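Report on the following structure.
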Amino acid sequence: MGVLKSFVELIRGLGIAGKHLGRHAITIQYPEEKWTMPEKSRGIVVLLSDKETGELNCTACQLCMRACPTAAIDIDAPRGEDKKRYLARFEVDHMLCCFCGLCVEACNFCAIEMSTEYEFSTLNKSDLIWDKDKLQEMGRNVDYVDTRKKKEPKTPPEADAATKPAEAKPDVAPASTGDVNPETKAAEAKDATSTDTPSGDTGKEEDK
Amino acid sequence: MERLELKHIFSWLHDLLVSTGLGEPWLSVVTYLMLGAMMFGALSVIALFLVWWERKISAHVQQRFGPMRNGWHGWYQTIMDAIKLLQKEDVRVTNRDKFVFFWAPVICFVAAFLAYIVIPFGDGLIVADFNIGILYIMAVTTFTIISLLMAGWGSNNKYALLGGMRSAAQMVSYEIPMVASILVVIVYSGSLSMVDIVESQSGMIFNWFIFKLPFGPIAFITYIIAATAEANRVPFDLPEAEHELVAGFNIEYSGMKFAMFFLAEFVNMFTVSAIAVTLFFGGWNGWLLPSWLWFLGKTLLVVLLLMLFRWSYPRLRVDQLMEFAWKFLVPLTFANLLVGAAFKYLGWYW
């Protein structure tokens, strides 16, 4: 009977193989169709821009550069005329990047993010070093939640409204009490562009 | 519709050549060469199709896609592969046995194709209806063993030699249960001719030999097991066991020589399936559709079964293989033959 039983098992095995034959493939045709990557997946590093102004969120504080374990991020941030640091050069070397995400953890200004993009192979090694403009361009279609603390404009809203009556709106004043009306935010952001950058005390000793 | 017969095609070809005013000695030579080319072309197409079919079945059993790039679901993928193999360098081992190394793939290829002289693809679609048809097939397919041994010996490679020796042991062992299974059919059809065997199963579906209880199904099962071993397919693929022998007997072959082994393997698989259909599934017998379509359809179903074997069963060990053949299959097939013959003698059949 052992022979008969094992024979039945063989037939069952065939049945299982046949059942799989009828199933739909679980793989995908890669270049034609692609996976939608998980939201938190760590793809290529990009620089984020402000949603309204379209300028880089980066304040040239260089925290990401310090956080990077493989020194893939290279930043030049000299002081400008107004003694404030500006971002002269921001390069990410994707040959060195290990996609750990520590730079994103370190950033206080929502300036750097890991996108879900994973296709950046090139024929040339030097093409893997991405500069500021390219990183910004890549970051344009990355959605993010802006958690930056907005500084209040130094001039009080009333005074501002008085000087610029064209832009004055009746609900500008309640904005300071926590209203997150997008229009007022936009107005604030425009006002704050001059004062938004931090004082830049991170690199005083190098400053000459 | 006029019945499609190969001899009509032959005579049409002959008349065409006569009209060109060709003399007699050359007339026969050219006719036979053209016929040979016809068969070769048809079988190459079948082999190429089977390679694609195998890859698709393998892929879908594993829930992949398989070849998808070239044409609709990659239908001309194997044609491209064959062209690639034609272009490849023919690597020759320095210490090979030149004569044996060269002729092994040729013999393998020819032996695989010789069987098609007597396989009836449809009603009248047979090259030559020998009265020893099935015996002839058994005889010529044995050349495959010699070619594999030659390949193993000529390559001067330990893996190739092991593969060749294994194939010799395996194929000689499994020839016996295979023939014994076929003999049961011959007891009932009363003829070795393939056409007679098919015609003895004509009429209704229960005339097919597989429905002759109780020995019919047993004969089919023992035949298909032995045939799997003959065609060197999983779970009896010891001659080319990838994990043990790298590639087995064909390890030193490249380019077109490898392609010949490869195509011969698939032609062999089609051969054993075609024989199974002829002997057990009523050959070209069917309804409504043309006979050759029935034959091809049934054969592809048996091929599908062989391919499902590959993805269901693990490979046997060499000692298990031999034990299974000599201690189980041979006694079973002979007992089955005895029972079948007794039923025939007593008249307990329909």
Side-chain angles (χ1 to χ4, degrees), chain A residues 1-44 94-95 97-99 114-128 130 134 137-138 141-142, chain B residues 53-74 77 177 214 217-225 228-229 233-236 300-316 320 323-325 327-333 335-336:
Chain A
M1 280 301 101
V3 173
L4 211 65
K5 200 180 165 194
S6 51
F7 182 72
V8 169
E9 290 299 314
L10 286 180
I11 299 290
R12 272 189 59 206
L14 265 190
I16 290 167
K19 209 161 70 187
H20 278 79
L21 189 62
R23 287 189 187 163
H24 199 265
I26 53 173
T27 54
I28 54 166
Q29 293 286 296
Y30 165 58
E32 282 88 25
E33 33 180 324
K34 287 170 190 169
W35 270 0
T36 44
M37 297 301 284
E39 237 177 81
K40 290 278 179 183
S41 63
R42 300 200 295 229
I44 199 159
H94 285 108
M95 290 180 279
C97 182
C98 64
F99 303 98
M114 310 214 72
S115 73
T116 52
E117 287 290 317
Y118 51 90
E119 292 164 314
F120 52 98
S121 55
T122 58
L123 295 173
N124 194 347
K125 259 186 170 180
S126 60
D127 292 346
L128 287 171
W130 288 18
K134 194 166 181 190
E137 216 42 56
M138 290 294 290
N141 44 21
V142 175
Chain B
W53 184 242
E54 162 104 71
R55 290 182 66 178
K56 279 312 234 192
I57 298 283
S58 314
H60 281 280
V61 167
Q62 298 172 351
Q63 291 172 45
R64 297 182 282 119
F65 282 99
M68 288 291 276
R69 300 282 158 200
N70 295 322
W72 181 81
H73 282 251
Q77 177 72 47
I218 296 176
F220 171 68
I221 290 163
T222 49
Y223 171 79
I224 205 79
I225 292 170
T228 316
R233 285 191 60 80
V234 181
F236 303 106
L300 283 183
L301 277 183
V302 179
V303 169
L304 177 68
L305 188 67
L306 288 181
M307 286 173 180
L308 279 185
F309 282 171
R310 177 169 177 182
W311 301 106
S312 306
Y313 305 139
R315 182 183 303 125
L316 275 74
Q320 290 171 337
E323 204 176 299
F324 183 66
K327 290 186 182 170
F328 182 74
L329 266 191
V330 170
L332 180 67
T333 47
N336 194 37

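Predicted model only: the values in this text are computed from it and were never measured. In what follows, chains are A, B, ... by sequence order, proteins preceding strands, each numbered from 1.
- Atom-to-atom distance recorded for B/R69:CZ and A/Q29:CD is 5.0 Å, nearest 0.5 angstrom.
- Heavy atoms from other residues, nucleotides or ligands lying under 6.0 Å from CD of A/E119 number more than 12.
- Heavy atoms closer than 4.5 Å to chain A are found in both the backbone and the side chain of B/F309.
- In this structure, A/F7 places its CZ atom where only 12 or fewer heavy-atom neighbours from other residues, nucleotides or ligands lie under 6.0 Å away.
- Contact of A/I16 with chain B is not made at all, since no heavy-atom distance falls under 4.5 Å.
- With rounding to the nearest 0.5 Å, the separation of OH in B/Y313 from CG in A/L14 is 3.0 Å.
- Expressed to the nearest 0.5 Å, how far CD1 of B/I221 lies from CG of A/L10 amounts to 10.5 Å.
- B/W311 places none of its side-chain heavy atoms less than 4.5 Å from the side chain of A/L21.
- One distance of note links NE2 of A/H20 with OG of B/S312; it measures 10.5 Å at 0.5 Å rounding.
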